[in-house]
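Computed from a prediction, not measured in an experiment: that's the story for all the values here. The analysis underlying the following values was restricted to heavy atoms, covering all of them including side chains, and did not include hydrogens, waters or symmetry mates. Here is the naming used below: chain letters follow the sequence lines, and residue numbers restart at 1 for every chain.
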Number of protein chains: 2
Amino acid sequence: MNVKSPKPAVSPIELEHFLPYRLNVVAEAVSRALARLYEKRHGTSIAEWRVIATLGQYERMTAKDIGAHSRMHKTKVSRAVARLEERQCLARTSNEQDMREAFLELTDAGRAIYDDLVPRALAFEQKLSDALSKEEQANLDALLCKLEVSALDDAGDA
Amino acid sequence: MNVKSPKPAVSPIELEHFLPYRLNVVAEAVSRALARLYEKRHGTSIAEWRVIATLGQYERMTAKDIGAHSRMHKTKVSRAVARLEERQCLARTSNEQDMREAFLELTDAGRAIYDDLVPRALAFEQKLSDALSKEEQANLDALLCKLEVSALDDAGDA
DNA sequence: GTTCATTAGTTGCGAATGTAACTAACAGTG
DNA sequence: CACTGTTAGTTACATTCGCAACTAATGAAC
């Protein structure tokens, strides 16, 4: 029986339309472009940027809260904070009421970086968003919210 | 002059509404949930899954083409392929017309993994997409395309 | 045929990452 | 007080990643 073996037992996935794949590719492309900006101007990583952004917004926080707010693993936060402290971009003040934790704030140097990056980050986002209409932007935001919730649910059971 | 220093020189970014951040968080949550699936069932990473998915779809490809199709760095492809070959999930056939490259195909073992994962991956995607209406899904796909193009443009100049 | 540029793929290396184990500090129980 | 459990944060370790440098093969120029 010289018959070609019946290969496709399963209907193939088209990777290029597979949502998790697409999300990942887009997010990575965006992250990479943005990271170049942070890196070039101040030698900061995305993790460091997130710490700076959080402290820029909230003034004074513990490492744990920064992690919760910026969704970063505590070791990632710990290392980003350590590097930023080393470079004197932020200052640690131990909490006398609970010596396990410490309050973190941007120093003047840290805030200078923040002030420099914020407008550029917003411009970057703007350039991204320019590809979309106002309505599309709102849509996207809503869709991302839904996806996030759905994915986090999955995280639990699977 | 006992006046509080005028802190906010710049209007703060709200990280949680910053598009690049949101994309990253959502993509990571989705990836992580999906990776658990691949990992648990066959001990394969996302990179390995992408190679398998590409070969499942196209039967026979070079490493370079796999990289182009699945948007992975060539070293990532190289290492994923090496591991899959080691585990006899794919076979290498050198191209006699050009000895630099080799054709890769799934072995039966490789295809078995593919056949096992495809329905589960689709189910996962379905569960994700269930959070969205048909229209929203179409929207999202279009939006991601636009963002990707925009980000890749940025990659060039910045 | 020899030289030079290019390409497919691999590998060395440093940097970044998450898990798990750890330290130190707190909080509650007795 | 001692004992137990929990929490904030750090560190050790193994893994992953991408850049850059490399090898080997091809192709084009002459």
Every protein N/O within reach of nucleotides 21-25 of chain C N/O, cut-off under 3.5 Å:
unit_1: C:dA25; atom_1: O3'; unit_2: A:M99; atom_2: N; d: 3.3

Polar atom pairs between nucleotides 11-18 of chain C and protein, under 3.5 Å, N or O only, would you list them?
unit_1: C:dG18; atom_1: N7; unit_2: A:R79; atom_2: NH2; d: 3.1
unit_1: C:dG18; atom_1: O6; unit_2: A:R79; atom_2: NH2; d: 3.0

Output a table of donor-acceptor pairs, distance under 3.5 Å, between side-chain atoms of residues 73-82 of chain A and any protein atom two or more places apart or on a different chain; print 'none' if there are none.
unit_1: A:H73; atom_1: ND1; unit_2: A:T75; atom_2: N; d: 3.2
unit_1: A:H73; atom_1: ND1; unit_2: A:T75; atom_2: OG1; d: 2.9

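With sequence neighbours excluded, no residue satisfies side-chain contact (heavy atoms from CB on, under 4.5 Å) with A:E39. Annotation: ring-ring contact (aromatic ring centres under 6.0 Å, His included) contacts of B:F18 (sequence neighbours excluded): none. With sequence neighbours excluded, the residues that form a side chain to side chain donor-acceptor pair (under 3.5 Å) with B:E14 are B:H17. In this view, A:H42 satisfies the ring-ring contact (aromatic ring centres under 6.0 Å, His included) rule with no residue, not counting sequence neighbours. Residues satisfying the ring-ring contact (aromatic ring centres under 6.0 Å, His included) test with A:Y58, not counting sequence neighbours, are A:H69. Applying the side-chain contact (heavy atoms from CB on, under 4.5 Å) test to B:Q88 and every residue at least two apart in sequence or in another chain returns nothing. Residues passing the salt bridge (Lys or Arg N to Asp or Glu O under 4.0 Å) test with B:D65: none are found, sequence neighbours excluded. By the salt bridge (Lys or Arg N to Asp or Glu O under 4.0 Å) test, B:E16 pairs with no residue at all, sequence neighbours left out.
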Task: Evaluation steps, salt bridge (charged side-chain N to carboxylate O under 4.0 Å, His left out), between A:R92 and A:E85 - done: CA-CA 8 Å; A:R92 228 181 269 253; A:E85 189 186 19; 2.7 Å; yes
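Contacts between chain B and DNA chain D, taken as any atom within less than 4.0 angstrom of a protein heavy atom, begin and end at D:dT16 to D:dT26.
In this structure, B:A82 reaches neither bases nor backbone, as no heavy-atom distance under 4.0 Å exists between it and the strands shown.
Protein atom CE of B:M72 is 13 Å distant from nucleotide atom P of C:dT10, rounded to whole Å.
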